[in-house]
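Scope of the values below: all heavy atoms of this structure, side chains included, with no hydrogens, waters or symmetry mates.
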2 protein chains.
Amino acid sequence: MALGTDYPRQDCGIARSLELIGERWTLLILRDCFLGVRRFTDFQTHLDVSRGVLASRLDALVAEGLLERVGDGHPSYELTEDAIGLWPALLLLAQWGDERTSPGRPRRTFHHVGCGTLGRDGRCTTCDTAPHPRDVETRRGPGADPTLRDDAVSRALRVPHRLLEPLQT
Amino acid sequence: MALGTDYPRQDCGIARSLELIGERWTLLILRDCFLGVRRFTDFQTHLDVSRGVLASRLDALVAEGLLERVGDGHPSYELTEDAIGLWPALLLLAQWGDERTSPGRPRRTFHHVGCGTLGRDGRCTTCDTAPHPRDVETRRGPGADPTLRDDAVSRALRVPHRLLEPLQT
DNA sequence: GTCCTTTAGTTCGATGAACAGACCAAACCA
DNA sequence: TGGTTTGGTCTGTTCATCGAACTAAAGGAC
């Protein structure tokens, strides 16, 4: 909760959320975690964020209990259960942003493994439940723009894979 | 899309969303719109944001098509249909933030008018649909902290009322 | 119409955050 | 044991935010 990032007199859950995830880059770091990114360098490669800001955001997320620093050598950053609870909101935000800037052609699609596709409300169109991200596979969608970047992390993210599973780079 | 607020090389719906609503204060302005706030001074009273930032955020939201400036005298700011599409995501964020900082005691509750209460997934616990915000009533919840502020807008917001209806001040 | 108050901003100087790039130390690898 | 990769920190500059003062237009009372 650094200066200029909190809303001390707003008695509201959205304000409380923004104090945790509202700073620039934070939500994209969490998105990458869901997609399987785990290492400092991979975040940096994929996000083009300055190393100083990345280090400070990771520290804050660990301090807030949204990420865990795992391993004794070079650390691996993993989502906690609390952070995984953000998944439904994150999915809706992604769908809203896609729909608004690329109607009918999402940049990425999500699928209930062995069942159906996740629709506009985040529910599986086949079984009408909202699956845990562990049971969700992501694929590049028709609106994806492969010319934007060509680093190793982006290439790995183009391969269909489950959420929360460490990325193969 | 001011400088330092966009993510030009992120091919992702979340990044597109954040370019529209990711700046400090923007999401709280939209929240206030859902709650019925419409006028410049009321936003300023309720948010403690500097007048310069508020003016710049309102301009940006109008330019992006999320708000409409209505009336020829002192303007009234109203949500467009595009912005109303953010409601499900906003509700999930509010619930996540409440649950994380005040478990079991939300600061505000939402109810499907004439039906039931909105649960953790944003659906009515009685009819199992996700109602349009027009059909949602909001009330202060058990976790509300009335000592935080006592301006006219906050007082009006403590009275149960429908979303999207202009506030009685 | 004329004065007065409220509303909706703009402007300004000071402070704090983000940025790119250089630097550094620990981990890991042959 | 020496070199490379990884995971940072440090620094100077640029940009955003802040509170406070100022201004112009709108609306109300008479």
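Looking at T80(A) and D82(A), their side chains never bring a donor and an acceptor atom within 3.5 Å of each other. For R69(A) and S76(A), the side-chain atoms include no donor-acceptor pair closer than 3.5 Å.
Rounded to whole angstrom, the span from the CG atom of L18(A) across to the P atom of dT17(D) amounts to 14 Å. Distance, L47(A) CG to dG8(D) P: 15 Å, rounded to whole Å. The distance between atom CG of D59(B) and atom P of dG9(C), rounded to the nearest whole Å, is 7 Å. Going from atom CG of L54(A) over to atom C1' of dG8(D) covers 10 Å, rounded to whole Å. A straight line from CD of Q44(B) to C1' of dT6(C) spans 14 Å, rounded to a whole angstrom. Atom CG of D6(A) and atom C1' of dA17(C) are 14 Å apart (whole Å). Counting to the nearest Å, the P atom of dG19(D) and the CZ atom of R9(A) are 11 Å from each other. In this structure, D72(A) atom CG and dT6(D) atom C1' are separated by 15 Å, rounded to whole Å.
Within 4.0 Å of R57(B), counting heavy atoms only, lie sugar-phosphate atoms of the nucleic acid but no base atom. Among the atoms of the strands shown, only primed sugar atoms or phosphate atoms (P, OP1, OP2) are found under 4.0 Å from some heavy atom of Y77(A). Among the atoms of the strands shown, base atoms are found under 4.0 Å from some heavy atom of S50(A).
Phosphate proximity of dT7(C) to T41(B): absent, as no side-chain N or O sits under 4.0 Å from OP1 or OP2. Between R39(B) and the phosphate of dA8(C), there is a side-chain N or O to OP1/OP2 separation shorter than 4.0 Å. Here R24(B) reaches the OP1 or OP2 of dC18(D): one of its side-chain N or O atoms lies under 4.0 Å away. A sub-4.0 Å separation between OP1 or OP2 of dA16(D) and a side-chain N or O of W25(B) is absent.
Nearest to the side chain of R51(B), among dT9(D), dA18(C), dA21(D), sits dA21(D). Of the candidates dA18(C), dA8(C), dG8(D), the closest approach to any side-chain atom of F40(B) belongs to dA8(C). Nearest to the side chain of H74(A), among dA26(C), dA8(C), dG8(D), sits dA26(C).
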>> Determine whether D151(B) and H46(B) satisfy the following criterion, side chain to side chain donor-acceptor pair (under 3.5 Å), listing intermediate values before the conclusion.
In response: CA-CA 7 Å; D151(B) 55 88; H46(B) 189 229; 5.4 Å; no
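Comparing G52(A) and G73(A) by the nucleotide of DNA chain C whose heavy atom lies nearest to each, the residue mapping closer to the 5' end is G52(A).
Cation-pi check for R57(A) over F43(A) is not met; the charged atom does not lie both under 6.0 angstrom from the ring centroid and within 45 degrees of its normal.
A salt bridge is absent between D98(A) and R105(A); no separation between the charged side-chain nitrogens and carboxylate oxygens falls under 4.0 Å.
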